[in-house]
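Below is one structure, written out as structure tokens; comments come after it.
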2 protein chains.
Amino acid sequence: MTMVASKPIRTRRKMQRVTIMDVAARAELSPSTVSLYFRKPDAVSAAASEAIARAIDALDYVPNLMAGGLAAASSRVVSIIVPSVRNAFFAETVAALQDELGKQRLQVMLSHTEYKEHDEENLVRTALSWAPAAVVLTGLSHSAATRRLLHDSKVPVVEIWELGSPTMDMAVGFHHDQVGHAAASHLLQRGRKRLLFVGARLHEDRRAARRAQGFVEAARNTPGASAEIIQNPAPASAEVGAMLLGEARLRFPTVDGIACSNDHIALGVIFECQRLGIAIPERLSVVGFGDLSFSAAANPSLTTIRPPGDLIGKEAARLIIARILHPDAEPQQAVIDTRFTLLHRQSS
Amino acid sequence: MTMVASKPIRTRRKMQRVTIMDVAARAELSPSTVSLYFRKPDAVSAAASEAIARAIDALDYVPNLMAGGLAAASSRVVSIIVPSVRNAFFAETVAALQDELGKQRLQVMLSHTEYKEHDEENLVRTALSWAPAAVVLTGLSHSAATRRLLHDSKVPVVEIWELGSPTMDMAVGFHHDQVGHAAASHLLQRGRKRLLFVGARLHEDRRAARRAQGFVEAARNTPGASAEIIQNPAPASAEVGAMLLGEARLRFPTVDGIACSNDHIALGVIFECQRLGIAIPERLSVVGFGDLSFSAAANPSLTTIRPPGDLIGKEAARLIIARILHPDAEPQQAVIDTRFTLLHRQSS
DNA sequence: TGGTTACATAATAGCGCTATTATCTCGAGC
DNA sequence: GCTCGAGATAATAGCGCTATTATGTAACCA
């Protein structure tokens, strides 16, 4: 007597309602052809295409990109790591990236460092778990472990919003010390001698700190000019700007030219000057950074330096897309200097 | 003579450097145990845990979440669809969502509708391709196809930034007509009678349009009061606000109370009044919407209505996390009214 | 006519992981 | 001493798709 081995009954795993096999069956074609229809539509005959399209429509098929990504060992995800989209600068860049990448059916995955650099490694590790088509990082300061992870993964990397010496792969941005230099030069050119950089959160915002540094250096190289820095650890806001102006009047009463770490600060400075009756630009020239939405409309309108947040996003997207379309092309180190623009308005 | 069937040699697909099997081998355990280590750490003995942790570290193992998601038929991705993060309101909510979800190791996937409602369906379709843990949509107006897709997928859905009648699943936000009503009531209470709503892009921004509607209705219900609407199809900005004030003076010269569709517009109105010598609030009261970063510091400081963008994000995240942690709990329709706050400042 | 292409479609074998079931170990309880 | 069960670990069978190879068919040339 023989025992008939009964096949163990396994309760099925939860699964997708409609799969590529269902579409294939309905279109009376093989799953391979349906897959090809998605990946290389031109390789499928018109008749087959139509049948597949009809089947997809009838069944309301939604492809499973995780299955696809697993099989293809790559996904159409671009992981973007920024300090925070609460910051209008990065929001603009993320929006531009999103818009451009979306046209190529690339998905954006978003993470925040909240200016905590040491978290970045974990964020990168998680990002890599999705076998992304590219990773976008903000700035150039990254831990050795982060660099190694990214290097080993061979994923295209774009560093944005800062240009400088050590670039991992591709970079799009501008030199922040040049921004500081430009602000100082402008003020000096307007006849200002006692300069001051007013900043928020310089200890965490390395890029703002570099602007301050460039500002001071430019003033130092000019005979008869001087430059100081005052700052506040709080996030940038008009309130902080107003407060810092008060502090500046006490500590540096002769100041006649101010550059701010960004336009929120500058707006606060302007408002406070209005309240105190300090004439801008007659007695004090003010230069901001950011060209935020209110800057042109302020009274007096705000001289500021416009960082091309939108362009940075667009160019980063362009580099990513180019790399994806031609993965075999020699991996030339692309560094794009987007520059910035000083907008001379009434406040200086 | 027999032919020995030679196994066809297939070039291997590109693959991951280190897999869970490598970790298991190094830790001298089975892949199952390593998997368990990630999913239910408590079920693994201390000794095994340590061995696995060591192996992961030594090999620099990065899990493949696509493989995991495929096997588990669900991913730790939350798909967020907003008009644009260029808009500070949504940026704030996205940031809050990101922060809260990140704590639970949930990834944010971001998409923009750019206020084009008909695109939403495609975005939702793509979102569902990732078997997301939840989907977040902005507003309550969605196509029938979008609703069906989401309903069939059984994915938790949160609609944010608007409250009203037809909710798909969960909703977090406030009633925009109540915002308009509150602005009108405030102005009437301040003795204003000839009211005006100044808006940008009302044809696309349904929520702003509802605020305008609530504003006008509140005025109509008050004897002796009147309310009009003027608008501009361009996106909201201080420039547009300044322009619209000019238009308002020509068309409605007796206006004494203005509510704006947002603070950018209101700031433009204030600036233009400064230039024209119109005293605020003596001759004209101005109410904004948004409480943007500059509003409190403006001169005069801007009376405005603060939408709790941050709270919306936090509450939405809370609902999502609760649903994920207790998937079996009866799917109670959660609607959270976050309300809004009128901040009375100098401009009214 | 045969052979060579080019094109279109199909069969095959995983991608790396998880959920389920099965097995093993060890101490408690009789 | 033996069974039993709890706890820990392992074996198994896919998840849904893509990349590769194989096959079929029509078009073309000598």
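Within every chain, numbering begins at 1; the chains are lettered A, B, ... in the order of the sequence lines, protein sequences first and strands thereafter.
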Quiz item: Can you tell me how far P of D:dC15 sits from CG of A:Asp22, to the nearest Å?
Solution: 12 Å
Self-check item: Expected output: side-chain B:Ser49 to main-chain B:Ser45 donor-acceptor under 3.5 Å
Solution: yes
Self-check item: A:Ser84 (side chain) donor-acceptor with A:His112 (main chain) under 3.5 angstrom
Solution: no
Quiz item: OP1 or OP2 of C:dT18 less than 4.0 angstrom from a side-chain nitrogen or oxygen of B:Ser35, does that happen here?
Solution: yes
Exercise. Report yes if a side-chain nitrogen or oxygen of B:Ser32 is closer than 4.0 Å to either non-bridging phosphate oxygen (OP1 or OP2) of D:dT9; otherwise report no.
Key: no
Quiz item: Does the pair A:Lys154/A:Asp169 count as a salt bridge with the N-to-O cut at 4.0 Å?
Solution: no
Exercise. Would you indicate what A:Tyr61 reaches in the nucleic acid, counting non-hydrogen atoms under 4.0 angstrom: base, sugar-phosphate, or nothing?
Key: sugar-phosphate
Quiz prompt | Below 4.0 Å: OP1/OP2 of C:dG16 and any side-chain N or O of B:Thr19 | solution = no
Self-check item: Separation of C:dT18 C1' from B:Arg76 CZ (nearest whole Å)
Solution: 14 Å
Quiz item: Expressed in angstrom and rounded to an integer, what is the separation of A:Glu28 atom CD from C:dA10 atom C1'?
Solution: 15 Å
Practice problem: Check every atom of D:dG16, D:dT9, C:dT18 against the side chain of B:Thr33 and return the nucleotide holding the closest atom. | Solution: D:dT9
Practice problem: Take atom CZ of B:Arg39 and atom P of C:dC17, then tell me their distance rounded to the nearest Å. | Solution: 12 Å
Quiz prompt | Atom pair distance, as rounded to whole Å: CD1 in B:Ile20 and P in C:dA19 | solution = 11 Å
Quiz item: Looking only at side-chain N and O atoms, does A:Tyr37 come under 4.0 Å of OP1 or OP2 in C:dA10?
Solution: no
Quiz item: Please give, in whole Å, the distance from C:dC15 C1' to B:Arg17 CZ?
Solution: 17 Å
Self-check item: salt_bridge(A:Arg86, B:Asp310) N-O dist < 4.0 Å
Solution: yes
Practice problem: Would you classify A:Pro31 as touching base, sugar-phosphate or nothing, given that sugar-phosphate means primed atoms plus P, OP1 and OP2, and contacts are heavy atoms under 4.0 Å? | Solution: nothing
Quiz item: Which one, D:dC17, D:dT9, C:dA10, comes nearest to the side chain of A:Leu29?
Solution: C:dA10
Quiz item: Should A:Arg17 and A:Asp22 count as an ion pair when the cut-off is N to O under 4.0 Å?
Solution: no
Quiz item: What is the distance, rounded to the nearest whole Å, between atom CG of B:Leu70 and atom P of C:dC17?
Solution: 12 Å
Quiz item: Nearest-Å distance, CG (A:Asn64) to C1' (D:dG16)?
Solution: 6 Å
Self-check item: First of B:Gly69 and A:Ser45 reached from the 5' end of DNA chain C, by closest nucleotide
Solution: A:Ser45
